[in-house]
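Reading through the structure tokens given below for one structure.
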Amino acid sequence: MTSEISSAVANGSAGRGDAVRIAVLVSGGGTNLQALIDAEASGIIKSGRISLVISSKPGVYALERAKKAGIPATVVPRASLSQEDFESGIRKLLDEYGIGLIILAGFMSILSPEFTSKYPERIINVHPALIPSFCGKGYYGLRVHRAALDRGVKLTGATVHFVNEIPDGGRIIMQKAVEVKDGDTPEILQRRVMEEAEWKMLPESAEKVCAGILAAGAEGSGL
Ligand code: GAR
């Protein structure tokens, strides 16, 4: 195992006895964060515990959602920091909270290879398209759905994947296809992709990855 994150899992500071401490990184409305909070409350996520929310932007609704759920939430403002200071601010918080898994849920900043290499297969992201379509630099949020509509695809969807040094390039964990319908706008399509794919797959993937981390820890094999 490498990094402080892994040692947090190994040394037992990973949470409620047998749960991996999760940090959710957000930049906006936080509907995916809400899906994760609800999934923990309903027991879909049982191997992990959402222990920290970090927003790259102040004033976003995701912060309200965290507050309502009683989860510590903080802002590390991307706009007023260098990439280096932004990432060291995040790393400090991850260490402080003994985080074992980082979930990017509508997080609109690209993390540097220096950052991602510290947490191999300990960062997951939800992307609103079927990777390798409509992904990589410049494809985020509504832009992804606009591009899918412009190209005239009949199926789109969402992907949950591990994060590595290539934007949207890490190993795929889950994918789900969603139909494009006549008359769709980017907003309508975004909503359908969220409802039918993202809000289900992200919690399921989080549980799968946390269970894997716990199993690896229990075997003592590490990474
Ligand atoms: C979601 O559709 C998510 O997949 C997308 O932004 C939206 C955030 O919504 N993420 C990206 O495009 C990242 N490349 P939310 O804040 O309501 O979860």
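Numbering of ligands and ligand atoms starts at 1, following listing order. All figures in this text were calculated on a predicted structure; none of them were measured in a lab. FYI, the numbering just counts along the sequence from 1.
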(message) Within the structure, is a non-hydrogen atom of R143 found at a distance of less than 4.0 Å from ligand 1?
(response)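 Judged by the 4.0 Å heavy-atom criterion, R143 does not count as contacting ligand 1.
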(message) Any non-hydrogen side-chain atom of S117 less than 4.5 Å from a side-chain atom of E165?
(response)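 They are not in contact (no side-chain heavy atoms under 4.5 Å apart), so the answer is no.
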Would you mind checking which non-hydrogen protein atom is closest to [atom], with the distance to 0.1 Å?
| atom | value |
| --- | --- |
| atom 12 (O) of ligand 1 | G141 N, 2.7 Å |
| atom 3 (C) of ligand 1 | E198 OE1, 3.3 Å |
| atom 7 (C) of ligand 1 | M194 CE, 4.0 Å |

(message) Using heavy-atom distances only, which candidate in P128, A35, G138 approaches atom 5 (C) of ligand 1 most closely?
(response)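 That would be P128.
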(request) Identify which of V126, V60, N32, T31 has a heavy atom lying nearest to atom 17 (O) of ligand 1. (result)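 Among V126, V60, N32, T31, the closest heavy atom to atom 17 (O) of ligand 1 belongs to T31.
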(request) Tell me, yes or no, whether the heavy-atom count around E187 atom CD, taken from other residues, nucleotides or ligands under 6.0 Å, exceeds 12. (result)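 It does: E187 CD has more than 12 such atoms within range.
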(request) Would you indicate whether F86, at its atom CZ, is surrounded by more than 12 heavy atoms from other residues, nucleotides or ligands within a distance under 6.0 Å? (result)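 Enclosed: over 12 neighbouring heavy atoms sit under 6.0 Å from CZ of F86.
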(request) Could you list the atoms of ligand 1 found under 4.0 angstrom from a heavy atom of Y140? (result)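 Matching atoms, with element in brackets: 12 (O), 14 (N).
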(request) Assess the side chains of Y139 and R146: does a donor N or O sit below 3.5 Å from an acceptor N or O? (result)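 Their side chains do not contain a donor-acceptor pair, so the 3.5 Å distance test is not met.
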(request) Mark yes or no for whether E40, through its side chain, and K46, through its backbone, hold a donor-acceptor pair below 3.5 Å. (result)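 No: the side chain of E40 does not pair with the backbone of K46.
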